[in-house]
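The next block holds one structure in the form of structure tokens; read it before the comments.
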Amino acid sequence: VLARLLSPDEYAVMAVVAPVIALAHMVQHVGFAGAIIQATELDKGQINLLFLIAIAVSILTTLAIIVAAPPIAIWFKEPRLGPALTAGSLAIITAALATVPGALLMRQLRFRALALRSMLATTLGVATSIGLAFLTHSYWALIAGMIVGHMTLCVLSLAMVDWRPGRPGQLTGAKPL
């Protein structure tokens, strides 16, 4: 459906934005989820500290993309890339908000909940993209769908776990992780 609603030029913008955001997601995770899943003992302070670090890394990564967006747009000779990268980078922060709750779901072996949140997030993201593509015929439909998908994942992840962000533990508590 989207292929019929958007031109190849619109997809070209997203073809640059998507890998940048995907690379940022890989940088942002840097083992936070793995540390939560594999730790033999884990207290709330450690979880909160990892959450805070994940958010800080995502904010720094987002700021780096925002700063790099204009030069990337100039390098590709595509002025639409600057705003598209800037807007798309917001998905990095929402993904970081879902990292710790998602890892806690994995640690608790709640695979049905993980699958449900992923399916719902994907469905809402795609529905948003299709709806906006009908209205705008613009790459913004793809970016909005990506952001809505990540926001949905974040909200569902937080809703599915008993944990809520709180006061972080001491930095020394993160050493074993």
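Below, all heavy atoms of this structure are taken into account, side chains as well, without hydrogens, waters or symmetry copies.
Taking both residues in full, the closest heavy atoms of Ala98 and Ser157 are given as CB-OG, 3.9 Å, listed atom of the first, atom of the second, then distance. Annotation for Ala24 and Ile65: closest pair CB-CD1, 3.8 Å, computed over non-hydrogen atoms. Trp140 and Pro83 make their closest contact through CH2-O, 3.5 Å (heavy atoms, listed as atom of the first residue, atom of the second, distance). Shown here for Ala133 and Leu2, the closest heavy-atom pair between the two residues is CB-CD2, 3.6 Å. Nearest heavy-atom pair across Ala121 and Thr152 is CA-CG2, 3.7 Å.
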Margin query: One pair to check against side chain to side chain contact (heavy atoms under 4.5 Å, CB included): Gln46 and Glu41. What are the steps and the verdict?
Written below: CA-CA 10 Å; Gln46 290 172 316; Glu41 292 183 23; 5.8 Å; no
Next item on the list: Apply the test side chain to side chain contact (heavy atoms under 4.5 Å, CB included) to residues Arg107 and Leu42: give CA-CA distance (whole Å), side-chain angles for both, the deciding distance (0.1 Å), then the verdict.
Entry: CA-CA 11 Å; Arg107 182 178 172 89; Leu42 194 63; 3.8 Å; yes
Item checked: Glu10 vs Leu142, side chain to side chain contact (heavy atoms under 4.5 Å, CB included): CA-CA, chis, key distance, verdict -> CA-CA 9 Å; Glu10 304 300 323; Leu142 299 171; 5.7 Å; no
Note to self: Run the side chain to side chain contact (heavy atoms under 4.5 Å, CB included) test on Arg117 and Arg112 for me, step by step, so that the C-alpha distance in whole Å, both residues' side-chain angles and the decisive distance to 0.1 Å come before the verdict.
What the structure shows: CA-CA 9 Å; Arg117 77 179 183 134; Arg112 184 169 288 167; over 6 Å; no
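Counting only distance, with no hydrogens or angles, the side chain of His137 and the backbone of Leu5 share a donor-acceptor pair below 3.5 Å. At distances below 3.5 Å, at least one donor-acceptor pair connects side-chain atoms of Tyr11 with backbone N or O atoms of Ala3. Checked by atom type and distance alone, the side chain of Asn48 pairs as donor or acceptor with a backbone atom of Gly166 at under 3.5 Å. Under the 3.5 Å distance criterion, the side-chain polar atoms of Arg110 are left unmatched by any main-chain donor or acceptor of Leu104. Between the side chain of Gln108 and the backbone N or O of Leu105, no donor-acceptor pair lies under 3.5 Å.
In this pair, His150 and His25 present their aromatic rings parallel. The plane angle is below 30°, not in the 30 to 60° band.
Residues Leu132 and Met151 are members of separate hydrophobic clusters, defined by side-chain heavy-atom contacts under 4.5 angstrom among Ile, Leu, Val, Met, Phe, Trp and Tyr. Under the 4.5 Å side-chain heavy-atom criterion for grouping Ile, Leu, Val, Met, Phe, Trp and Tyr, Met160 is connected to Leu158 within one hydrophobic cluster. Transitive grouping of hydrophobic side chains (ILVMFWY, heavy atoms separated by less than 4.5 Å) keeps Ile55 and Leu153 in distinct clusters. Both Leu109 and Ile47 are members of a single hydrophobic cluster when ILVMFWY side chains are connected at heavy-atom separations under 4.5 Å. One hydrophobic cluster, built from ILVMFWY side chains closer than 4.5 Å, holds both Trp75 and Ile21.
Clustering of Ile, Leu, Val, Met, Phe, Trp and Tyr side chains at separations under 4.5 Å leaves Met119 isolated, with no partner residue. Through direct or relayed side-chain contacts under 4.5 Å between Ile, Leu, Val, Met, Phe, Trp and Tyr, Leu124 connects to Val148.
If you take OG on Ser129 and CZ on Phe134, they are separated by 12.0 Å, rounding to the nearest 0.5 Å. The structure places CD1 of Ile66 at 10.5 Å from CD1 of Ile59, a figure rounded to the nearest 0.5 Å. Atom CE of Met14 is separated from atom CG of Leu81 by 11.0 Å, given to the nearest 0.5 angstrom. To the nearest 0.5 Å, the span separating CG on Leu63 from OG on Ser58 amounts to 9.5 Å.
Proximity of Tyr139 to Leu6: side-chain heavy atoms (C-beta onward) are nowhere separated by under 4.5 Å.
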Show me the donor-acceptor pairs, under 3.5 Å and distance only, between side chains in residues 84-97 and residues at least two apart or in other chains.
from	atom 1	to	atom 2	distance (Å)
Thr86	OG1	Gly82	O	2.9
Ser89	OG	Thr86	O	2.6
Thr94	OG1	Ala91	O	3.0

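Of the residues listed (Leu116, Thr123, Thr122), the one engaging Leu120 in a side chain to side chain contact (heavy atoms under 4.5 Å, CB included) is Leu116, and it is the only one.
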